[in-house]
Structure formats: structure tokens, C-alpha cells
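Each remark here refers to the structure printed beneath this line.
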Amino acid sequence: MLNPNEVKTILETALLAAQDPVPIAQLRKLFDDEIGADTVRRLLDELRSDWSERGVQLVNLATGWRFQTRPEFQHYMERMSPEKAPRYSRAVLETLAIIAYRQPATRGDIEEIRGVTVSPNIIKTLESRNWIDVVGHRDTPGRPALYATTKTFLDDLGLRSLEELPPLEEISKSLEGTQAPLAEPAAGPIEPAAGPPAGAGEGPEVETEPQQA
Amino acid sequence: MLNPNEVKTILETALLAAQDPVPIAQLRKLFDDEIGADTVRRLLDELRSDWSERGVQLVNLATGWRFQTRPEFQHYMERMSPEKAPRYSRAVLETLAIIAYRQPATRGDIEEIRGVTVSPNIIKTLESRNWIDVVGHRDTPGRPALYATTKTFLDDLGLRSLEELPPLEEISKSLEGTQAPLAEPAAGPIEPAAGPPAGAGEGPEVETEPQQA
Amino acid sequence: MSGDVVTLRPEGAQRIALVRGEPVMEIPADLYIPPDALEVFLETFQGPLDLLLYLIRKANIDILDIPMARVTEQYLAYVEAMRHRNLELAAEYLVMAAMLMEIKSRLLLPRPKHVTEEEDPRAELVRRLLEYERMKLAAQKLDALPQRGRDFAAIGVWIEQTMVERLPDVNVRDLENAWRHLLSLARVRQHHKVTREELSVREHMTGILRNLAEGGFREFNELFEPWRGVSVLVITFLALLELVRERLVEVTQAEPYTPIYVKLAQHAESE
């Protein structure tokens with residue numbers, strides 16, 4: 001016959017090895033149903049407090065019991081997992097750049113510069129990040145919203161003011177001699193938000209928008 | 001600054017969360033490389049002994065450190081999830097052994113040793129488990145693929161390197177002097193099917209002799 | 001294996017076969033094997049080398065001095081049994097049969113006086129038997145090692161990360177690159193020349209718009225921050241002019257020398 005500590009060890013082992021939450025009925029099978037649900041529940045409570053000082057905690061979810069890491073340890077884990085931070089698509093970044101450099105700008109302005117339709121999702125993405133907001137409406141048919149960048153945008157990019165954005169006068173100069181040398185920097189690390197984390201800067205550029213002609 | 005116990009808790013959490021073995025270099029990233037490899041190794045050793053009485057153990061494998069359930073607890077675990085992992089057939093195991101001990105080996109080499117055709121399924125079984133892979137091609141007609149075992153193979157069998165493979169049986173040793181040796185140094189009695197011969201079978205010695213031509 | 005009626009392991013330790021749950025402790029001396037077990041028994045062999053090894057071990061023969069006549073005879077008997085029972089007989093079995101008979105016949109030839117081991121016609125066969133035996137045992141040892149999935153499981157507890165949503169980072173370079181890319185597209189008709197001055201004007205345009213966002217009139221003076229210096233005053237003024245030019249704000253004055261009022265362009269807020 002197993003003593004309570006042995007039962008706890010077996011429960012702990014099974015729960016650590018399980019991928020999904022395990023209901024108590026399932027856990028009882030570990031002991032061929034010879035241990036009552038109440039006892040299992042009591043021992044799980046004990047286990048939970050045994051683990052209360054650790055980086056992993058035992059939680060009771062709707063579908064059963066599960067070990068999971070404590071959110072406080074997340075930032076350590078992130079350092080280890082080389083999982084790349086998600087990236088915004090080129091469409092999002094270009095829209096943001098246009099709003100930053102040409103603000104206040106309407107969707108029409110952005111579309112004119114980019115040459116493609118700007119999907120509402122792009123605007124929504126930037127708004128939900130609180131990087132842009134509507135500062136007014138242009139007095140033209142449809143009264144389009146005027147977007148501008150916010151203070152949060154400056155904070156998140158580590159800027160004190162828009163003036164700290166890279167000045168771009170030299171670009172118009174090189175534009176005059178056609179667009180040849182400019183493709184290079186643009187080919188940079190822009191990846192689709194949902195794409196696989198390919199090596200930064202490597203993979204082919206992916207335009208998530210309808211291709212410009 | 002973190003104290004050693006905090007460091008241990010973070011290491012433990014990271015290792016419990018990682019499905020695959022984690023090398024020490026990777027673990028050091030948890031602390032932005034501010035903790036030396038020696039310290040990490042020492043704390044891992046401590047962790048290993050902290051866990052020595054549990055159903056889960058910390059092991060050091062070919063590709064790093066991993067928590068895994070102890071085989072002694074497997075029969076409890078199996079009660080909970082009744083689908084058992086399949087056992088490999090003798091054909092698969094013999095092919096695996098030949099690749100493990102005689103690597104790199106071609107299918108022809110395996111067939112030569114086993115004396116029968118090796119079906120592509122056998123190779124496929126081992127490849128899909130990611131236990132073997134192609135490491136090159138022999139420069140003979142047909143350029144046959146050379147197979148070798150992978151690190152996953154070592155990890156899955158709880159080994160750190162090929163040197164930890166069970167030593168090959170020194171079949172010839174015990175008959176030394178009895179008979180004039182053939183190409184093989186004197187061969188001993190092969191373990192008969194019915195019961196191991198006294199003495200001879202115990203504690204296989206490490207195979208030291210060079211490969212037979 | 002639990003469901004099998006017949007489990008045979010000629011290479012095993014104690015019992016040689018399980019026939020309908022009954023352990024068979026040793027293979028009967030001759031070829032007598034219960035008929036239905038024979039099939040399974042024969043199929044268990046991995047090939048001619050395996051069968052030969054079995055015969056040699058069963059008879060407790062010294063592998064270095066194989067009595068070829070006897071072993072060949074037994075081997076052929078098994079092969080014949082397999083054929084008789086219509087078992088699919090791999091070609092290798094026949095090749096081996098031929099090899100055994102050849103060795104046997106060579107042994108019958110008168111021997112030269114000094115026989116070196118290399119000249120023993122059995123040498124190659126013995127070498128192969130030993131190597132196969134070694135690998136066969138190695139396979140059993142590998143199988144005995146604890147195996148992930150079969151004997152233990154890797155631990156990978158759930159990583160709780162719903163609390164922290166990971167958002168993409170953007171840096172200034174990304175924006176610059178995006179902007180450059182835009183410019184590189186020929187469809188940018190007018191040259192968007194962005195200078196520091198222009199940017200700060202634009203920044204102030206945004207600022208004024210925010211200032212007016214609550215609606216209604218603001219006094220002209222209130223839009224300026226004289227304490228930030230002359231250049232800011234000038235830029236704010238330029239921003240205001242630009243807003244007027246773009247018809248984003250309206251500037252009104254009832255009569256000369258009365259306060260000037262600024263509000264968002266009429267239609268902008270009220271339609």
C-alpha cells in the first residue's frame with residue numbers, strides 16, 4: 001500500500017509529465033482507482049502549497065490540474081528562448097512611417113504615397129498600440145480622419161520628439177538620380193507579423209498587401 | 001543580484017518548462033550571461049540531488065540538461081494513458097545497433113552484417129524518430145547514403161555520447177588459447193539460447209580490439 | 001506482445017517459446033515442433049545468419065570448429081521446412097545454403113599439410129557469424145536501455161504567458177527603412193522632402209490639433225509657448241499657417257485688435 005507521500009510523488013510526476021490539464025478522475029487511474037477523489041484532492045492541495053515558493057505552480061483549471069510556470073518568471077524564460085519577437089509587416093511600418101513623417105495624414109494620404117489600399121487592420125494595429133490617434137478630420141468629402149503619432153509612440157521608440165527621427169533630406173536628392181541604390185536598406189528586417197521567425201534580415205521580403213503593380 | 005537559491009529556482013523553472021535538453025550556454029542566457037558556466041553546473045548538480053527522491057529526475061544528456069520521469073514510475077503513468085509506445089522489431093533494433101556501433105554505415109553494410117535485405121521501412125522508421133540521419137555518401141557506385149546516429153538518439157536513450165553505449169560483447173575472449181585463432185581472436189562459446197554460461201556472460205568487457213577487416 | 005497466442009524467442013534466455021501460453025523450454029532435439037508453432041518459429045529468424053547461429057548454439061557447437069556436414073544438413077532441413085510450409089523464403093536463405101555446401105565440399109578436399117587459419121574455408125562464415133552475433137546482442141542491450149516515450153517522458157510544463165503579450169518592437173531604423181522604401185518606389189510623384197524643420201512643424205501641427213480637439217475656440221495666444229524660445233514660437237506659427245493652408249483650422253478675428261480665435265475647421269467637427 002502506498003503511503004500519502006508516495007501518492008503525492010506519483011501525482012506530482014504524472015502532472016509534471018502531462019501536456020494538458022488532468023482531471024481528478026484521470027489522476028485516480030494512477031492508483032487503479034483505489035484512492036478516493038477526496039484524498040486525491042487533498043493531496044493536490046498539499047502539492048500546490050509545496051510548490052508555492054517555486055517558479056512553477058500547480059493550478060486547478062476548468063479542465064483539470066496543471067503545472068505551469070509563474071508569469072513572474074516569464075522575462076527570464078524569454079531571455080533564453082531565442083524566439084524572435086514578432087515583427088510588423090512592411091505595410092504596417094510604412095503606414096507608421098508616413099504618419100510619423102507626414103502627420104497629420106489621412107488614410108487617403110497614406111494610400112497615395114504607398115500606392116495601395118490601406119487595410120483598416122493596419123490602422124487598428126497602430127491604434128491599439130496607442131502609437132497613432134485621430135487628431136482631427138480633413139475638410140474634404142467623407143471628412144477623413146487625420147492621424148498623428150502619439151507621445152506613447154515617441155516613448156516606445158525612445159525619442160524625445162519627432163525631430164529625432166532620422167532626417168531624410170538626402171533621400172530626395174538620390175531620388176533624382178532614379179531609385180537604384182535605395183532598394184537596399186528597404187530590404188531590411190521587415191517581416192510579416194505572422195510569418196515564421198526567419199533569420200533577421202535574411203529571408204525574402206514579404207509584402208502582405210496586394211502587390212503594387 | 002540574485003542569490004544562489006533564486007538562481008536555482010530560475011534554472012529549475014526553465015528546465016521544467018523546456019521540453020528538450022538545454023545546454024549550459026543556453027541556461028546562462030537566463031541570467032544575461034552574468035553567471036559563470038561553472039556556477040551553473042554546480043547548481044545543476046545541486047538541483048539534481050534535490051530531485052533525487054522524486055519521480056522526476058534531472059539528467060545530463062548529449063545536448064544538455066533535461067527533467068524526465070523516472071522509468072520506475074512508468075507503470076503508474078501507463079495506467080493513466082493506456083496507449084503504450086510500440087516496441088521496435090528485431091529488424092529495426094539490429095539495424096539501429098549496426099548504425100550505432102559501426103557508423104557511418106550504408107544499407108549495404110547493414111545487409112552484409114545482418115545477412116538479409118534491409119527494407120526501406122526500417123530505415124524510414126529510424127529516420128522518422130530522428131535517431132539516424134544521412135551524414136554523407138560513400139564514394140562507390142551508386143554513392144550509397146552513409147547513416148549515423150543523431151544526438152536525439154543519445155538524448156532519447158539517456159546517453160551523453162556514443163561512448164556510453166553498452167559495450168559490445170567480447171565473444172572471443174574466454175576461449176583464448178583453446179583454439180588456433182581465426183581472423184577473429186579466439187572466439188568463446190556463444191551464449192547459448194538456454195541460459196547464460198557461467199561466468200562468461202557476466203560484465204561484458206569493453207571492446208578494445210580493432211575492427212575486423 | 002500481450003495479445004499474441006504464440007510468442008517465440010529463440011534467442012531468449014530461459015524459455016524458447018510460448019505456445020498457447022505454455023512455455024517451451026527447449027527446442028526438441030530433432031525437427032519436431034508443434035506444427036502451428038513451427039511457422040511462427042521459423043518466421044522469427046532474421047535471416048540465414050540468425051538461423052545458423054541458432055543451430056550452432058542449440059547444439060552447443062564450438063563456433064570455431066563448426067562441423068559443416070551436420071550444420072549444413074540441419075540448415076537445409078529448416079529451409080526445406082520453410083519451403084514446405086510455403087513461407088516466403090528470402091533468397092538469402094538459398095544463397096547461404098549454397099555457401100554452406102560449398103564450404104562442406106571444400107573441407108572434403110584433401111588438405112595441404114600446413115593449414116593456416118586463413119585457408120580454413122569456414123573463416124569467412126565464422127567472421128560473419130561473430131559480427132552478426134555481436135550486433136544482435138548489442139541490439140538487445142540497446143532495447144534494454146530506458147527509452148523516451150516508452151520508459152520515461154520528458155517534462156515540459158505549460159509556460160504561462162497570457163499575462164504578457166509580446167508586441168513587435170519597432171525602432172527608428174525600421175521607420176527610416178520603410179520610408180526609404182516608399183521613396184524608392186517611383187510612384188512617389190512629388191519628392192517628399194522631410195527635413196528637421198518640416199518635422200518639427202508637423203509635430204506642432206499635431207500638437208495644435210490635439211489642443212483644439214475638445215472643440216470650440218481657443219485663443220490664438222494660448223497656442224504658443226513663449227517660454228520655449230523664439231524658434232519654437234516661429235515653428236508653432238508655421239504649423240498654424242500650414243494648418244490654415246490645409247484648411248484644418250479656422251482662424252477668426254471679429255475686428256482688428258480684438259483677440260484672434262482658432263478652432264478646428266468648421267466642417268471637420270460639425271457635419
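Letters A, B, ... are given to chains in the order of the sequence lines, protein chains preceding strands, and every chain is numbered from 1. Note that these values count all heavy atoms, side chains included, but never hydrogens, waters or copies made by symmetry.
Considering CZ of C/Arg210 and NZ of A/Lys151, their distance stands at 10.0 Å, rounded to 0.5 Å. With values rounded to the nearest 0.5 angstrom, A/Leu93 atom CG is found 9.0 Å from C/Asn177 atom CG. Here A/Phe153 contributes atom CZ and C/Leu175 contributes atom CG; the two are 5.0 Å apart, rounded to the nearest 0.5 Å. Going from atom OH of A/Tyr88 over to atom CG of C/Asp174 covers 11.0 Å, rounded to the nearest 0.5 Å.
In this structure, chain C has no heavy atom under 4.5 Å from any part of A/Ser128. For A/Ile98, the parts lying under 4.5 angstrom from a heavy atom of chain C are both the backbone and the side chain. For a residue to count as touching a neighbouring chain, one of its non-hydrogen atoms must lie under 4.5 Å from one of that chain's; by this rule A/Ile99 does not touch chain C.
The shortest heavy-atom contact between C/Glu176 and A/Tyr101 is CA-OH, 4.4 Å.
Looking only at side-chain heavy atoms (C-beta outward), C/Met205 and A/Gln103 stay at 4.5 Å or farther from each other. The shortest side-chain heavy-atom distance between C/Asn171 and A/Leu157 does not fall under the 4.5 Å cut-off. Taking the side chain as every heavy atom from C-beta outward, C/Thr206 and A/Leu146 never approach each other to under 4.5 Å. Looking at A/Leu159 and C/Val172, their side chains come closer than 4.5 Å, going by heavy atoms from C-beta outward.
Heavy atoms of other residues, nucleotides or ligands lying less than 6.0 angstrom from CZ of C/Phe220 number more than 12. Remark: A/Glu53 CD is loosely packed, at most 12 non-hydrogen atoms of other residues, nucleotides or ligands lying under 6.0 Å away.
A donor-acceptor pair under 3.5 Å is formed between the side chain of C/Glu203 and the backbone N or O of A/Leu162.
Listed options A/Asp156, A/Thr140, A/Asp133, A/Leu15 were ranked by heavy-atom pairs under 4.5 angstrom with chain C; first place goes to A/Asp133.
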